[in-house]
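Step one of this worksheet: look at the structure below.
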Amino acid sequence: MEKYRKMWKEIVFQALGKIAPDTAAVRASFTPDSIPAETPPDPALGDIAFPMFPFAKLFKAAPARIAGLLESLTISPTGRARAAGPYLNVTLDRPAVFREVFGRVFAEGDAYGANGSRAGERVMLEFSSPNTNKPLHLGHLRNDALGECAASLLKRCGAEVLKVNLINDRGVHICKSMLAYKKYGNDRTPESEGVKSDHFVGDYYVKFAQWAKDDPDADNQARELLKAWEAGDPETIALWEKMNRWAVEGHKRTYEATGVSFDRYYFEHETYTAGREVILQGLKKGLFYRKEDNSVWVDLTADGLDEKVLLRGDGTSLYVTQDIGTAVVRAEDWPFDRLVFVTGNEQIYHFRMLFIVLRKLGYPWAEKMNHLPYGMVNLPEGKMKSREGTVVDADDLLAELTADAVEEIRAREREGEIEDVSAAARKIALGAMNYFLLAFAPHKDIVFDPKESISFNGDTGPYLQYSGARLSSILRKYEERKERYEKGAVDYLLLKESDEWELAKRFAEFPALVAKAAADLDPSLITSFLYDCAKLFAHYYHDHQVLGNDDPSLVLTRLDLVRALREVLRSGFLIIGVPFLDAM
RNA sequence: GCGUCCGUAGCUCAGCUGGAUAGAGCGCCGGACUUCGAAUCCGUAGGCCGCAGGUUCGAGUCCUGCCGGGCGCACCA
């Protein structure tokens, strides 16, 4: 579609030159590229719209008059232009576009939409980054969905992506669950209790909180344990290793269930001291300064921030210290053009500071640091608060959605059509969840309503999956009675319905849309595109038969539309992590 | 207080670089299955686009101020 837009801008530009009182003035004020081209509000008006307002002054004529004059001067085999008030609307020659678009979709299959907009770019993407003292919750699920989706978007655009996860496996909060286990654990294990291992660890974190409520000494003991850990006390290290393994293994099972994966894991216990040297070097260069208590600071008031501490007086690291260190380590590990962090928006300030400090330190890659912050995930009942126990556990949520899907399949009596009901239900649950989590611009706070997400009606993942299953069903039916249509031949002149044309135009826009979604790191562009396509087809399908036509050529031609849409959906589903089902 | 993001239909959200009557979904009400999957589709109702100025031929979109809300402004992560 972009191709035709460009072509027609040139045609309009040339025509304007012909009717201009002063051709040179036109060339001075406009270029073919700068001529605004839009999409008419009503498809019946045409496919490309050129508003004439900008030319009124220069031409000393009303926009409508200019549009009228251009009508006869813009002749092209690719379509025809018509004046409509102050607009010049172009209606494209459809068969040529159908042929071109479908041809490209069939050639690329479920990779359709791939484009070279970020070819060769090496992007490291950090996301998830959980603590090892409790299981994953709904907030992580949004983080993971965004991270995975950003990765596939960038890959579709030709970038090389390395997905990394920084495990927060040290600190006083980790010691709290360890301490509770020492106190109440009695050598129980996830196996002995039959509990998923990260939940097992999390239960002790909760136990600690309960204990600390009554015993003011609990926090002191936790700090003591952290000291022992930092001193390398063998017994403490052994316990830490054991519980950490439980936590991480549990998290990995959740990642598997949700289709999340990483190319590399970083562990905070390995990196938390990194950065200290870097800060000290910066201090030598005079970028930072020391206060009386020996702590190291940076003055960011010129950048609109405050004075920030980079290193504690006792020489130990802080969050920033560590992030500076890991960035430097990573740039050596895997030299990147860009490093993107996916985190909640409460960390916006932190990353601004981090990026500025790295720039001050003079790293060439510091200019290409990106932060993808996302808004909070709330519940219909309100905010998630760990203190009030209203945090939604990731595994529980997935189980709940899966159970709902099973129930729905049973209610529709679809078990007979589905080979593996529980596998299908899991895919529907995953589709529901990922779609909902990605359907909003990342920076927005969202209200996650499980019931709404799993609904098979409306703007949801399951609705899209259902649309895909229907397409597959049509193709299966076709295979069964193939011989009836043998005498037909594909002829795009037969696609006369407006829905058919609208769908083809959508397909044509998809690669550019993928490029934009990747540039903006905004998956919601993809979700709304897919919903729009599915909706259009549902409307079309209701009124028009595909297989039930007397003319076999019409059947075969419409089947091309069905196949093309199915590929486009498959491609889009892959990007947003919604499983495609041939039957559900 | 300062910074930042947000404010569009009862609710949840789209509105691309400013452009032709502001769109969906849910919910409400009313319709459509002897025919390819009704987990669907169609229709009705519902909007001083937070408020007030400004820029422009033209503003939901850009600028300023105000009002309301989220999040931040730790030698926590």
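Letters go in sequence order (proteins before strands), and every chain restarts at 1.
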Short side-chain donor-acceptor distance under 3.5 Å, A/Asn549 and A/Tyr485: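 The criterion, which ignores hydrogens and geometry beyond distance, is not satisfied for A/Asn549 and A/Tyr485.
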
Taking atom types as modelled, is there a side-chain donor on A/Ser472 or A/Arg566 under 3.5 Å from an acceptor on the other?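 A/Ser472 vs A/Arg566: donor-acceptor pair found between side chains.
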
Tell me which nucleotide among [options] gets nearest to the side chain of [X].
X        : options             : value
A/Ala583 : B/A74, B/G3, B/G37  : B/G37
A/Arg414 : B/G37, B/A77, B/C41 : B/G37
A/Ile409 : B/A20, B/A39, B/G37 : B/A39
A/Arg312 : B/G37, B/C16, B/A77 : B/A77

Once pairs are restricted to Watson-Crick or G-U wobble with both distances under 3.5 Å, how does RNA chain B read as a dot-bracket string, [ ] for crossings and | for other-strand pairs? (((((((..((((.....[...))))..((((.......))))......(((((..]....))))))))))))....

What nitrogen or oxygen pairs link the protein and nucleotides 71-73 of chain B at under 3.5 Å?
{"residue": "B/C71", "atom": "OP1", "partner": "A/Lys383", "partner atom": "NZ", "Å": "2.3"}
{"residue": "B/C73", "atom": "O2'", "partner": "A/Asp306", "partner atom": "OD2", "Å": "2.8"}

Parallel, tilted or perpendicular for [X] and [Y], by the 30°/60° rule?
X        : Y        : value
A/Phe351 : A/Phe341 : tilted
A/Phe436 : A/Phe448 : perpendicular
A/Phe355 : A/His371 : perpendicular

Closest nucleotide of RNA chain B for A/Ile418 versus for A/Leu305: which of these residues is on the 5' side? A/Leu305

Start at the 5' end of RNA chain B and walk down; is the nucleotide closest to A/Ala84 or to A/Ser317 reached first?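 First, find each residue's nearest nucleotide; the 5'-ward one identifies A/Ala84.
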
Side-chain N or O of A/Arg5 closer than 4.0 Å to phosphate OP1/OP2 of B/U17: no

Below 4.0 angstrom from OP1 or OP2 of B/C36, is there any side-chain N or O of A/Arg558? no

Dump the pairs, protein N or O against N or O of nucleotides 6-8 of chain B, anything under 3.5 Å, distances to one decimal.
{"residue": "B/C6", "atom": "OP1", "partner": "A/His443", "partner atom": "NE2", "Å": "3.4"}

Select base, sugar-phosphate, or nothing to describe what [X] touches, counting heavy atoms under 4.0 Å on all strands.
X        : result
A/Pro86  : nothing
A/Leu318 : sugar-phosphate
A/Ala439 : nothing

Rounded to whole Å, how long is the line connecting atom [atom1] of [X] with atom [atom2] of [N]?
X        : N     : atom1 : atom2 : answer
A/Glu479 : B/C36 : CD    : C1'   : 14 Å
A/His544 : B/C36 : NE2   : C1'   : 14 Å
A/His371 : B/C5  : NE2   : P     : 14 Å

How about A/Phe127 and A/Leu146: do any of their side-chain heavy atoms sit closer than 4.5 Å? no

Does any donor-acceptor pair link the side chain of A/Asp323 with the base of B/A77 at a separation under 3.5 Å? no

P spacing across the pair B/G25 / B/C42, given as an integer number of angstrom: 8 Å

C1' atoms of B/C49 and B/A22, separation to the nearest Å: 8 Å

Using atom types as modelled and distance alone, determine if a side-chain donor or acceptor of A/Asp420 lies under 3.5 Å from a backbone N or O of A/Ala423.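 Side chain of A/Asp420 to backbone of A/Ala423: a pair is present.
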
Donor-acceptor pair, A/Tyr272 side chain versus A/Gly171 backbone, under 3.5 Å?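 The answer is no, because no donor-acceptor pair under 3.5 Å joins these two groups.
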
Could you check B/C71 for me: syn (within 90° of 0) or anti? anti

Could you go over nucleotides 56-65 of chain B and give all protein N or O partners under 3.5 Å, atom names and distances?
{"residue": "B/C57", "atom": "OP1", "partner": "A/Lys57", "partner atom": "NZ", "Å": "3.2"}

Nucleic acid contacts of residues 522-530 of chain A, taken as heavy-atom distances under 4.0 Å to RNA chain B: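 Going residue by residue through residues 522-530 of chain A, none turns out to have a heavy atom under 4.0 Å of RNA chain B.
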
Atom pairs under 3.5 Å, N or O on each side, protein against nucleotides 24-31 of chain B: can you list them with distances?
{"residue": "B/G25", "atom": "OP1", "partner": "A/Lys535", "partner atom": "NZ", "Å": "3.1"}
{"residue": "B/G25", "atom": "O2'", "partner": "A/Asp459", "partner atom": "N", "Å": "3.4"}

So, for A/Phe13 and A/Phe30, is the gap between ring centers shorter than 6.0 Å? no

